[in-house]
*Asks:* 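Here it is: the structure, laid out below.
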Amino acid sequence: MRERNIIIGVALCVWNGSKTIEKTVSSIINQSYIGKVNIIILDNRSDDNTVKLLKKIKKKNKKKNINIKILIDKKKRNVVAAQNYLIKKYFKKFEYFFLATDDEYYHRNFIASAINKLTKQKLDLVYTNYQIVNSQGSVLSKTNKPIYSFKKSKFLNLSNFIIYRNINPIIFGIYRTKSFMELQNYYNYFDQSMSNHDNLFIFNFLLNKKVGNINKNYFYFLSKNRNLIEKLRKSGPKYWKLSSLISIFKYQFNFSVKISKSIANSKDLK
């Protein structure tokens, strides 16, 4: 079975994740996938006991097919910069990989089912349905229906993206590394809100690559509020709220310009 010989890379970025990191890493270690999994963890200068917990987890890991590497970043980076650093330096050697952060965890069949679909259908990315949960594991959202699929036309995929902008599960799917690398220049923060870095990337992925879905809740996202726009919207006097609305318009206009350029440069939009 070819899947047995596929080594999966996991790019896990953490920062002050002491409350959730054990659950995140354990969910990756305890996957049903029988091939090798390399978890490369980049700690973004945590000032809690995250690193101590990571070392404890690594020491306790007894699985021969799981390799854990812990890196302590020498400089402060935002999440995307940290992920880009890991991908460029460590992940070119893996045929497939996925992104992870300390505020999520995975069903034990996440990797095995995704790799099976990726290899059999020759796809560039496979993602699963997801649910948003709180720190106690209680579900905060209903099951999200899949809206992107290689079986649909690119026009329909892109239309669904623009209408629903539902990228939470897809950005954390498993990628064919070569396909990710080809579009990596679209994966970065391009505005202060830090809200569109993965939107632009996923739009271009749907435009240029084959994406598949597993219609099961295999991905769980822990609810956190790290968005600058949300903080502006919920705090401060009225002029701050007005400022946030102006910022949203500016950022979304910028995003629209960028996706329009991507469409114009595409040779095979169907």
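The model shown is predicted, which means the values in this text are computed figures rather than measured ones.
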*Asks:* If you take all heavy atoms of Asn160 and Lys152, which pair is closest and at what distance?
*Replies:*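 Of all heavy-atom pairs spanning Asn160 and Lys152, the closest is ND2-NZ, 3.9 Å.
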*Asks:* Measure the shortest side-chain to side-chain distance between Val10 and Val37 over non-hydrogen atoms and say whether it is less than 4.5 angstrom.
*Replies:*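 Yes, close enough: below the 4.5 Å cut-off.
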*Asks:* Mind checking side chain to side chain contact (heavy atoms under 4.5 Å, CB included) for Asp48 and listing every partner two or more places apart, or none if nothing turns up?
*Replies:*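 Residues passing side chain to side chain contact (heavy atoms under 4.5 Å, CB included) with Asp48: Asn16, Ser18, Ser46, Thr50.
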*Asks:* Test Ile8 against Asn38 for side chain to side chain contact (heavy atoms under 4.5 Å, CB included), laying out the working first.
*Replies:* CA-CA 6 Å; Ile8 306 300; Asn38 276 266; over 6 Å; no
*Asks:* Who are the ring pair (Phe, Tyr, Trp, His ring centres under 6.0 Å) partners of Tyr90, not counting sequence neighbours?
*Replies:*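 Partners of Tyr90 under the ring pair (Phe, Tyr, Trp, His ring centres under 6.0 Å) test: none.
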*Asks:* From Lys59 NZ over to Ile68 CD1, what is the distance, rounded to the nearest 0.5 angstrom?
*Replies:*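 With rounding to 0.5 Å, NZ (Lys59) is 13.5 Å from CD1 (Ile68).
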*Asks:* Measure the acute angle between the ring planes of Phe161 and Tyr148, then classify it against the limits of 30° and 60° as parallel, tilted or perpendicular.
*Replies:*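 Tilted: the ring planes of Phe161 and Tyr148 meet at 30° to 60°.
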*Asks:* So which atom in Asn208 and which in Lys154 form the shortest heavy-atom distance, rounded to 0.1 Å?
*Replies:*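 In this case the closest contact between Asn208 and Lys154 is CA-NZ, 4.1 Å.
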*Asks:* With Phe98 as reference, evaluate Tyr33, Tyr218, Tyr175, Phe110 under the ring pair (Phe, Tyr, Trp, His ring centres under 6.0 Å) test and give the passing residue.
*Replies:*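 Answer to the ring pair (Phe, Tyr, Trp, His ring centres under 6.0 Å) test with Phe98 among Tyr33, Tyr218, Tyr175, Phe110: Phe110.
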*Asks:* Quick one: does any side-chain atom of Asn78 pair with a main-chain N or O of Ala81 as donor and acceptor, under 3.5 Å?
*Replies:*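 Side chain of Asn78 to backbone of Ala81: a pair is present.
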*Asks:* Closest heavy-atom contact between Thr177 and Lys92?
*Replies:*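 Closest heavy-atom pair between Thr177 and Lys92: CG2-CA, 4.4 Å.
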*Asks:* Which residues pass the side-chain hydrogen bond (donor to acceptor under 3.5 Å, both in side chains) test with Gln31, not counting sequence neighbours?
*Replies:*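 Result, side-chain hydrogen bond (donor to acceptor under 3.5 Å, both in side chains) vs Gln31: none returned.
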*Asks:* Output the distance between atom CG (Leu86) and atom SG (Cys13), rounded to the nearest 0.5 Å.
*Replies:*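 One finds 4.5 Å between CG of Leu86 and SG of Cys13.
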*Asks:* Looking at residues at least two apart in the chain, or sitting in another chain, which of them share a side-chain hydrogen bond (donor to acceptor under 3.5 Å, both in side chains) with Asn84?
*Replies:*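 Counting only residues at least two positions away or on another chain, Asn84 forms a side-chain hydrogen bond (donor to acceptor under 3.5 Å, both in side chains) with Gln184.
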*Asks:* Show your reasoning for whether ring-ring contact (aromatic ring centres under 6.0 Å, His included) applies to Phe97 and Phe94.
*Replies:* CA-CA 7 Å; Phe97 85 100; Phe94 302 126; 8.5 Å; no
*Asks:* Nearest 0.5 Å, please: how far is CG in Asn199 from CD1 in Ile202?
*Replies:*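 Output value for this atom pair is 8.5 Å.
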*Asks:* Going by side chain to side chain contact (heavy atoms under 4.5 Å, CB included), name the residues that satisfy it together with Ser262, two or more places apart in sequence or in a different chain.
*Replies:*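 By the side chain to side chain contact (heavy atoms under 4.5 Å, CB included) rule, Ser262 matches Tyr186, Phe203, Asn204, Leu207.
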*Asks:* Counting only N and O atoms by type, is there a donor-acceptor contact under 3.5 Å from the side chain of Asn265 to the main-chain atoms of Lys261?
*Replies:*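 Yes; judged by distance alone, with no hydrogens or angles, the pair exists.
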*Asks:* Please identify each residue that fulfils ring pair (Phe, Tyr, Trp, His ring centres under 6.0 Å) with Tyr85, with sequence neighbours left out.
*Replies:*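 Applying ring pair (Phe, Tyr, Trp, His ring centres under 6.0 Å) to Tyr85 gives none.
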*Asks:* Give the minimum heavy-atom separation between Ile174 and Ala114, together with the two atoms involved.
*Replies:*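 Closest heavy-atom pair between Ile174 and Ala114: CD1-CB, 3.7 Å.
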*Asks:* So, taking the atom named CD in Gln83 and the one named CZ in Phe91, what distance separates them when rounded to the nearest 0.5 Å?
*Replies:*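 The distance works out to 10.0 Å.
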*Asks:* Contact between Leu206 and Ile170 at the side-chain level, heavy atoms closer than 4.5 Å - yes or no?
*Replies:*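 SC-SC contact between Leu206 and Ile170 confirmed.
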*Asks:* Side chain to side chain contact (heavy atoms under 4.5 Å, CB included) with Lys209: which residues, sequence neighbours excluded?
*Replies:*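 Per chain and number, Lys209 pairs via side chain to side chain contact (heavy atoms under 4.5 Å, CB included) with Asp124, Ser179, Glu182, Leu183, Phe205.
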*Asks:* State, yes or no, whether a side-chain contact exists between Lys258 and Leu200 at a heavy-atom distance under 4.5 Å.
*Replies:*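 Counting from C-beta outward, Lys258 and Leu200 do come under 4.5 Å.
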*Asks:* About how many Å separate CZ of Arg176 and CD of Glu95, when rounded to the nearest 0.5 Å?
*Replies:*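 Result: 6.0 Å between the selected atoms.
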*Asks:* So which of Ile57, Ile70, Ile66, Asn67 actually passes side-chain contact (heavy atoms from CB on, under 4.5 Å) with Ile39?
*Replies:*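 Exactly one candidate clears the test, Ile66.
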*Asks:* Parallel, tilted or perpendicular, judged at 30° and 60°: which one describes the rings of Phe219 and Tyr130?
*Replies:*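 Correct class here is tilted.
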*Asks:* Please give me the minimum heavy-atom distance between Val51 and Ile72, naming the atom from each residue.
*Replies:*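 Nearest heavy atoms, Val51 then Ile72: CG2-CD1, 3.8 Å.
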*Asks:* Please identify each residue that fulfils salt bridge (charged side-chain N to carboxylate O under 4.0 Å, His left out) with Asp73, with sequence neighbours left out.
*Replies:*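 By the salt bridge (charged side-chain N to carboxylate O under 4.0 Å, His left out) rule, Asp73 matches Arg77.
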*Asks:* Would you name the heavy atoms of Trp15 and Asp102 that are closest together and state the gap between them?
*Replies:*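 Heavy atoms of Trp15 and Asp102 come nearest at N-OD2, 3.1 Å.
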*Asks:* Does Lys74 offer a backbone N or O that forms a donor-acceptor pair with the side chain of Arg45 under 3.5 Å?
*Replies:*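 Yes; judged by distance alone, with no hydrogens or angles, the pair exists.
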*Asks:* Atom NZ of residue position Lys63 - does it have more than 12 heavy atoms of other residues, nucleotides or ligands inside 6.0 Å?
*Replies:*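 Enclosed: over 12 neighbouring heavy atoms sit under 6.0 Å from NZ of Lys63.
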*Asks:* Evaluate the ring planes of Phe221 and Phe172, with Trp represented by its six-membered ring, and classify them as parallel (under 30°), tilted (30 to 60°) or perpendicular (over 60°).
*Replies:*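 Ring orientation, 0 to 90° scale: tilted.
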*Asks:* Given side chains that start at C-beta, do those of Lys117 and Ile214 come closer than 4.5 Å, heavy atoms only?
*Replies:*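 Lys117 reaches Ile214 side chain to side chain.
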*Asks:* May I ask you to test the Met181-Ile87 pair for a side-chain heavy-atom distance under 4.5 Å?
*Replies:*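 Yes, close enough: below the 4.5 Å cut-off.
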*Asks:* Report the residues that fulfil side chain to side chain contact (heavy atoms under 4.5 Å, CB included) with Lys56, sequence neighbours left out, ordered by chain and then residue number.
*Replies:*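 With neighbours one apart ignored, the set is Lys60.
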*Asks:* Is the shortest side-chain heavy-atom distance between Asn129 and Asn215 below 4.5 Å?
*Replies:*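 Side-chain contact under 4.5 Å: yes.
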*Asks:* Could you measure the distance from the CG atom of Leu54 to the CG atom of Leu71? Nearest 0.5 Å is fine.
*Replies:*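 The CG atom of Leu71 is 10.5 Å from CG of Leu54, to the nearest 0.5 Å.
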*Asks:* Under the side-chain hydrogen bond (donor to acceptor under 3.5 Å, both in side chains) rule, collect the residues that match up with Ser32, sequence neighbours excluded.
*Replies:*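 Per chain and number, Ser32 pairs via side-chain hydrogen bond (donor to acceptor under 3.5 Å, both in side chains) with Asn109.
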*Asks:* Please step through side chain to side chain contact (heavy atoms under 4.5 Å, CB included) for the pair Leu12 and Leu42, ending with a clear verdict.
*Replies:* CA-CA 6 Å; Leu12 174 54; Leu42 181 64; over 6 Å; no
*Asks:* Quick one: are Thr119 and Tyr96 in side-chain contact, heavy atoms under 4.5 Å?
*Replies:*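 Yes. Closest side-chain heavy atoms under 4.5 Å.
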*Asks:* Do the side chain of Ser26 and the main chain of Lys23 share a donor and acceptor less than 3.5 angstrom apart?
*Replies:*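 No, Ser26 side chain to Lys23 backbone: no donor-acceptor pair under 3.5 Å.
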